[in-house]
Amino acid sequence: MTEAVNIENGHDAKTVIRCRRLLLRWFAANARDLPWRRDREVYAVWISEIMLQQTQVQQALPYYQRFMKRFPTVAALAAAPLDAVLKAWEGMGYYARARNLHRAAGQIMERHGGHFPADPESVRALAGIGPYTAAAILSIAFNQPLAVVDGNVIRVLSRLHAWPGDAKTTSGKKEIQERAQSLLDPAAPGVFNEAMMELGALICTPQNPLCRACPLAACCQALAQGMPEKFPVKSAKKFRPHYQIAAGLIWKKEKLLIVRRPESGLLGGLWELPGGKQEAGEGLDETVAREAAEKLGIKIEVGSFFGHVDHAYTHFSITLHVYQCRHLQGTPHLIEHSDWRWVSIDELDDYAFSRSNRLIIDQLPMEVNYPPGHYSILSTAERAEKRKEKKSKKQN
DNA sequence: GAGGCGTGGAG
DNA sequence: TCTCCAAGCCT
């Protein structure tokens, strides 16, 4: 049965067994020493797998260390406020992961008495856990024979079999899943899964794969054809629009107005400077005033230009223009936002902001040392100097 | 099924 | 600067 499937997939049983042995031997000698590989405790595996979704190891590493210290158990994570989890996630992107992680912790407390479940149906039912993550957790933490299929595995298998299919379609997913399951070493599923992904990350890379160092080179049909980087086949790229965004540093005395985004969608639950998209025929300063009026029902005076930052998201890019502003009148009303706050500069670091907003905020001086009504008396160079001092103080 | 959803590194 | 794309999931 297994043999028939393997032959159909392009490798006979002997080849499969040889590939497994070569891959596992390579992994034993070349695996990176990563904190979540130190032990197989399911909570650690879970957190690491969520962080590693669409995120490279080097980027996730510092976040993982801080997160495990801050939220060492399911119970600690479930008991924490969402804003604390988002703050720990600040800068890593795909914030739905943080929201789902927090939600899943609650689900584990309620449904499983605080113990991470070990059966596939229960794991799959947790927020933020799809087919990949369920297989990863169950194989790595509980040694269950479930093959993972992620971007690495798709690439490795596509090349191994010179597979011309599209892994994004339903039939393509099914086919890759079956090939992965056939190749999986049932004697060591967790290690084997990690080995496949490690091979994809270190050797079988998207561009310029290191085929001379690959333990599976002799089995690789794409290499035999002479063009391993042609697999997997990639779809056409889509046009991404660019938007002009204007936002305000809206002062009331020494306090700054910040607003919290809705808890779903782009940057959901994160805090930001009030603002929005520039409309046709509108000056950027007018945009700030209009957005404050429309979205918060407040009247402001727009002053000097503070700075701008370019930023690229997945489906579009922006230029964020920021202006110094003064609050004139009105209490903010929640229309699209989920919260608002007047905060001092010191308190800004307690809130989670998107990358673009954080870049602006990090240019603010340590404290407001000018009377209300006066805008931006510090030059850019002076702000940068102040910021340096603040950072060095923080480290000490 | 298709598209939304961040960020940073590499070439 | 620009493009690609990384240990995916949800709607």
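In what follows, every chain begins at residue 1, and chains take the letters A, B, ... in the order their sequences are listed. What's counted below: heavy atoms across the whole structure, side chains too, no hydrogens, waters or symmetry copies.
Residues meeting the ring pair (Phe, Tyr, Trp, His ring centres under 6.0 Å) test with A/Tyr94, sequence neighbours left out: none. Contacts of A/Thr73 classified as side chain to side chain contact (heavy atoms under 4.5 Å, CB included), with partners at least two apart in sequence or in another chain: A/Ala75, A/Ala76.
Across the protein-nucleic acid pair, A/Glu198 atom CD and C/dA7 atom C1' stand 10 Å apart, rounded to whole Å. With rounding to whole Å, A/His242 atom NE2 is found 10 Å from C/dC2 atom P. Counting to the nearest Å, the P atom of C/dC5 and the CD1 atom of A/Ile154 are 13 Å from each other. Atoms CG (A/Asp150) and P (C/dC5) sit 15 Å apart, rounded to a whole Å.
Applying the side chain to side chain donor-acceptor pair (under 3.5 Å) rule to pairs touching residues 40-55 of chain A yields A/Arg40-A/Glu194, A/Glu49-A/Tyr132, A/Gln53-A/Thr133, A/Thr55-A/Arg97, sequence neighbours excluded. Among residue pairs with one or both ends in residues 209-218 of chain A, none qualify as side chain to side chain donor-acceptor pair (under 3.5 Å); sequence neighbours excluded.
A heavy atom lying under 4.0 Å from DNA chain B marks none of the residues of residues 117-141 of chain A.
Spacing between B/dG6 and C/dT11 at atom P, rounded to whole Å, works out to 14 Å. Distance noted for atom P between C/dA7 and B/dG4: 23 Å (whole Å).
The residue A/Trp36 sits close to a base: some heavy atom pair falls under 4.0 Å. At a threshold of 4.0 angstrom between heavy atoms, the contacts of A/Arg261 with the nucleic acid are absent. Nucleic acid contact for A/Arg37: base, since at least one base atom lies under 4.0 Å from a heavy atom of the residue.
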- Does the salt bridge (Lys or Arg N to Asp or Glu O under 4.0 Å) test come out yes or no for A/Glu90 and A/Arg358, once each step is laid out? CA-CA 9 Å; A/Glu90 182 186 25; A/Arg358 180 51 73 184; 3.0 Å; yes
- Message: Let's go through A/Lys87 and A/Asp349 carefully: what are the C-alpha distance in whole Å and the side-chain angles of both, what is the deciding distance for salt bridge (Lys or Arg N to Asp or Glu O under 4.0 Å) to 0.1 Å, and is it a yes or a no?
- Response: CA-CA 9 Å; A/Lys87 181 62 189 174; A/Asp349 282 344; 5.4 Å; no
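Partner A/Tyr323 forms a ring-ring contact (aromatic ring centres under 6.0 Å, His included) with one of A/Phe306, A/Phe305, A/Trp251 and no other, that one being A/Phe305.
Cation-pi geometry between A/Arg66 and A/Tyr63 is met: under 6.0 angstrom from the ring centre, within 45 degrees of the axis.
Taking only side-chain nitrogens and oxygens, A/Lys168 never comes nearer than 4.0 Å to OP1 or OP2 of B/dA2.
A salt bridge does not link A/Arg21 to A/Asp185: none of the charged nitrogens lies less than 4.0 Å from a carboxylate oxygen.
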- Reading 5' to 3' through nucleotides 3-11 of chain B, protein heavy-atom contacts under 4.0 Å coded B for base, S for sugar-phosphate only, - for none: SBBBBS---
